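This report refers to the structure that appears directly beneath it.
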Amino acid sequence: MYFKQRTHTCGELREENIGQEVVLNGWVDTRRDLGGVIFIEMRDRYGVTQIVFEPHFNEAAHHEGKVLRGEFVVSVEGIVRKRPEGTENDRLPTGTIDVLVNKVIILNQAKTPPFAIQDDIDVHEDLRLKYRYLDLRRPKMQQALMLRHKMYQIARKYFDSKDFIEVETPVLMKSTPEGARDFLVPSRMHKGKFYALPQSPQQYKQILMVSGLDRYFQVVKCFRDEDLRADRQPEFTQIDVEMSFVDQEQIFEVVEGLMVEYFKEVWNKELVTPLPRLTYDAAMEKYGSDKPDLRVGLEMKLLNHVFENSTFRVFQDSIAKGGAISGLVAPGCGDYTRNQLDVLTDFIKKLGAGGLIWIRVKEEGLESPTMKFLTPEEQANLTAELGAKPGDLLLILTGAKWKTLSLMGMLRLEMARRLDLIKPDAEPKLLWVTDFPSFEWDEETKRFYAMHHPFTSPRLEDVEFMDTDLSKVKARAYDLVLNGSEVAGGSIRIHDSALQNKMFKALGYTPEDAQEKFGFLMNAFQYGAPPHGGIAFGFDRLAMIFAGEQSIRDVIAFPKTASGISLMDECPSPVSDDQLKELHIRLRG
RNA sequence: GGGGUCGUAGCUCAGCUGGUUAGAGCGUCUGCCUGUCACGCAGAAGGUCGCGAGUUCAAAUCCCGUCGGCCCCGCCA
């Protein structure tokens, strides 16, 4: 089909183009047929331009214009004309002109789309995902993808300017049963053997440091076969970074530099550095989360010392077992009804709490079923410690330390939602969370696991505890947290074989286990591994927050649903027996 | 694995204490309309009430199961 190349995009024409003969190619956005004159808005990635069919100007074109429908692909030739006085559209950058059509070629017809191709449509997401190619025509989605593109380019330019080199690492690699579940890829040529898709290029980037690449980064897809969330997809993009001969401080400096760029280029905001830092312990104690949202002012308080000598059985038990008593003031919620408090109690119980202690603060004192268990002195200390005022509601959770703090953190966010404390236009809050524990106790298997990964260096002053009390060992690990989301995480790695062996031993690996699982990394480290460390950005999350979206699906071109399927191409899908046979696989059941 | 919520026209929803022919707005189609921009006016078409089984004289409505979307907990080195 013959058609002329466009002379302009649909977002380009202005008053200075008046009088020019132009060619536009694009999609029919909206159609307003007034019987005589027909107005059509034409859309492409760059914008929208109104084209006009007038019978007196060109009868044949007008006749052709009659049959155009939404989403038809057209090429039009015409003359740019100033819109008559009073008919300008100030919502369009092209709104002072329109194009009087001389000729229209229908490049393709289109079925009526199942939903309108425009922003702010009210349509279920599953429909958008099934027809993702139409969804992505919406200006908002195109802007999201363009923002994402801009953010890739900023990162690449930034890291390049800092002497980092981008290296691609394998997508087919060895499965490591540590951490998240691997996606497995069966080998045809090696019966019974499997590749795994990388959860992250962790081991490869460390080997690149051994190889002397010094500074590496990569925009890289990673895969984790775990359940999804609004901010979690089974395949996602990291900006992966590793540096040699550095400590935490140099990594922070590099990362903060990139964040300054992002704040400036995306939000036009000046980010003040160095960023605030919070230790893991402090974050848990005050915010009940290792990714605290500091836009919410509410702070939790540890109350163990207030109830040290309490006769209240619940508090006694907690303290005796080394647990936590955590309190939170819900300002102005002192008028919560019994019913509202029951709803709140139910909310936190469903998350795993044993119960919720609530106390209404009145002018005349504290009001709660729990009060009969507390001495007047304890009541006074409680009020003072929390800084509670009449009209407030006090919430207290108690039990095993980390679980209780974490539950209180969820309650804190719930109260923030109820009190509407997170305004969309609130100043973004970016901070480092540092000094994560090296080890995490797992109740189910009754053993310690690496909280980050087994190559994370403990703080050197904590190495002595590796033989005595693993719960005391803190790691040289850090997360970057933006508005309550973990947007990057990393650590200084172990580069010393002796320390690495000590770590494997602490995690319960025999030397044979370690060799079997991580042998290639261990071997590499015997040939001169420099001190090194790094970080990886969760790029989708970062893009989501910078785009002001609530779901990473809105900044990913072709995302999966919460159950991990693609509604558009309907994967995962069954495969033929022949395919399975070739891979030496027989399905069970 | 668990909890919550939703599923009715192409879309967004109402109807749900069982009872006539399941409605509305938008969209689509047809006709009229020469400056619209949410064009307007008139008319029409459009339904496996997610699916299955059950209770009942009778089920969109009640019960059970199942599938799917979204959110959360667990999980995510």
Side-chain angles (χ1 to χ4, degrees), chain A residues 29-41 48-57 62 69-70 81 83-92 94-95 98 100 111-118 120-131 134 176-182 198-200 202-203 222-234 236 346-353 403 406-407 410 413-414 417 436 438-440 442-444 448-456 475 477 486 489 491 503 507 517-518 536 538 550-551 553 560-563 565 567 570:
Chain A
D29 191 46
T30 59
R31 175 178 66 106
R32 291 178 291 274
D33 182 349
L34 273 61
V37 66
I38 302 168
F39 298 98
I40 280 175
E41 284 177 1
V48 167
T49 299
Q50 178 168 274
I51 60 174
V52 185
F53 298 82
E54 278 187 4
H56 290 240
F57 180 72
H62 179 262
R69 292 294 181 271
R81 201 177 52 168
R83 290 200 190 190
E85 192 76 32
T87 63
E88 299 88 353
N89 185 345
D90 52 17
R91 285 177 302 135
L92 289 180
T94 60
D98 47 29
L100 196 52
K111 289 167 74 172
T112 301
F115 52 83
I117 310 301
Q118 60 190 40
D120 303 315
I121 48 171
D122 187 12
V123 60
H124 286 143
E125 193 181 4
D126 47 344
L127 200 72
R128 290 174 48 206
L129 290 175
K130 182 173 177 186
Y131 298 93
L134 296 177
T176 48
E178 280 284 308
R181 283 187 199 90
D182 281 330
Q199 298 172 24
S200 94
Q202 184 61 37
Q203 293 167 59
C222 301
F223 306 86
R224 291 176 193 175
D225 188 7
E226 297 292 344
D227 287 4
L228 292 81
R229 285 285 190 285
D231 63 352
R232 261 166 38 192
Q233 287 269 308
F236 60 100
D346 192 49
F347 166 83
I348 202 67
K349 273 185 164 176
K350 275 181 179 158
L351 293 175
K403 186 180 174 189
S406 154
L407 285 166
M410 295 182 202
L413 289 179
E414 175 64 15
R417 277 186 287 271
F436 278 77
S438 281
F439 302 96
E440 195 173 22
D442 181 59
E443 261 307 310
E444 227 169 275
F448 279 99
Y449 285 87
M451 193 165 190
H452 199 54
H453 54 60
F455 319 112
T456 299
E486 178 197 331
S491 64
M503 173 62 70
L507 291 170
K517 284 170 180 156
F518 311 110
Q550 302 298 311
S551 160
R553 294 186 297 273
K560 310 274 189 287
T561 69
S563 61
I565 65 175
L567 294 174
E570 294 181 319

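Each chain gets a letter, A, B and so on, in the order the sequences are listed, and its residues count up from 1. Just so it is clear, the model here is predicted, and its values are computed rather than measured.
Two residues are said to be in side-chain contact when any heavy atoms from C-beta on lie closer than 4.5 Å; Gln203(A) and Pro198(A) fail this criterion. Met503(A) places a side-chain heavy atom less than 4.5 Å from the side chain of Phe439(A).
When both distances must be under 3.5 Å, the Watson-Crick or G-U wobble mate of G40(B) is C32(B). With a cut-off of 3.5 Å on both pairing distances, C75(B) has no Watson-Crick or G-U wobble partner at all. In a base pair of the Watson-Crick type (N1 to N3 plus N6-O4 or O6-N4) or a G-U wobble (N1-O2 and O6-N3), with each distance short of 3.5 Å, G68(B) is matched with C6(B). Of the nucleotides present, G25(B) is the one that pairs with C11(B) by Watson-Crick or G-U wobble criteria, both distances under 3.5 Å.
The shortest distance between the side-chain N/O atoms of Ser563(A) and the OP1/OP2 oxygens of G69(B) is below 4.0 Å.
Counting non-hydrogen atoms under 4.0 angstrom, Thr176(A) reaches nothing in the nucleic acid. Across all strands shown, Ile121(A) has no heavy atoms under 4.0 Å from either base or sugar-phosphate atoms. Across all strands shown, Leu92(A) has no heavy atoms under 4.0 Å from either base or sugar-phosphate atoms. Residue-level contact check: Pro84(A) touches the bases, meaning some heavy atom is under 4.0 Å from a base atom. Base engagement by Pro55(A) is indicated by at least one non-hydrogen atom pair under 4.0 Å involving a base atom. Base engagement by Asp98(A) is indicated by at least one non-hydrogen atom pair under 4.0 Å involving a base atom. Residue Arg553(A) is classed as a sugar-phosphate contact, given heavy-atom separations below 4.0 Å to backbone atoms only.
Side-chain atoms of Arg83(A) come within donor-acceptor range of the base of U36(B), with a qualifying N/O pair under 3.5 Å. Scanning atom types as modelled, no donor and acceptor separated by under 3.5 angstrom connect the side chain of Arg69(A) and the base of C29(B). The base of C76(B) does not come close enough to the side chain of Arg224(A) for any donor and acceptor atom to sit less than 3.5 Å apart. For Arg229(A) against G74(B), a side-chain-to-base donor-acceptor contact under 3.5 Å is present.
The CD atom of Gln50(A) sits 13 Å away from the P atom of G35(B) (whole-angstrom rounding). At whole-Å resolution of the value, CD in Glu226(A) and P in C73(B) are 14 Å apart. Distance Asp227(A) CG to C70(B) P: 12 Å, rounded to the nearest Å. As rounded to whole Å, 18 Å separates atom P of C75(B) from atom CG of Asp182(A). Between the CG atom of Asp33(A) and the C1' atom of U28(B) there is a distance of 15 Å, given to the nearest Å. The nearest whole Å value for the distance from the CD1 atom in Ile40(A) to the P atom in U34(B) is 17 Å. One interatomic measurement links the two molecules: CG of Asp122(A) to P of C70(B), which rounds to 16 Å at whole-angstrom precision. The distance from atom NZ of Lys403(A) to atom P of G74(B) is 10 Å, rounded to the nearest whole Å.
A salt bridge does not link Asp126(A) to Lys130(A): none of the charged nitrogens lies less than 4.0 Å from a carboxylate oxygen. In summary, Glu226(A) and Arg232(A) do not engage in a salt bridge, as defined by a charged side-chain N under 4.0 Å from a carboxylate O.
For Arg81(A), taking side-chain heavy atoms from C-beta onward, the closest of the listed nucleotides G35(B), G27(B), G3(B) is G35(B). Among the nucleotides U12(B), C37(B), C71(B), the one closest to the side chain of Thr87(A) is C37(B). Side-chain atoms of Met410(A) lie closest to G74(B) of the nucleotides G74(B), C37(B), A38(B). Each of U34(B), G69(B), C11(B) was ranked by its minimum atom distance to the side chain of Leu34(A); first place goes to U34(B). Closest contact between the side chain of Arg232(A) and the listed nucleotides G74(B), G3(B), G69(B) involves G74(B).
Here the straight-line distance linking atom CG of Leu100(A) with atom CZ of Phe57(A) works out to 4.0 Å at 0.5 Å rounding. Atom-to-atom distance recorded for Glu41(A):CD and Asp98(A):CG is 10.5 Å, nearest 0.5 angstrom.
Each of Leu351(A) and Ala562(A) was assigned the nucleotide of RNA chain B with the nearest heavy atom; the assignment lying further toward the 5' end belongs to Ala562(A). Mapping Glu125(A) and Glu88(A) onto RNA chain B via the closest heavy atom, the residue that lands nearer the 5' end is Glu88(A).
An aromatic stack links Phe39(A) and the base of U36(B), using centre distance under 5.5 Å and interplanar angle under 30°.
The gap from the C1' atom of A14(B) to that of A22(B) amounts to 11 Å, rounded to the nearest Å.
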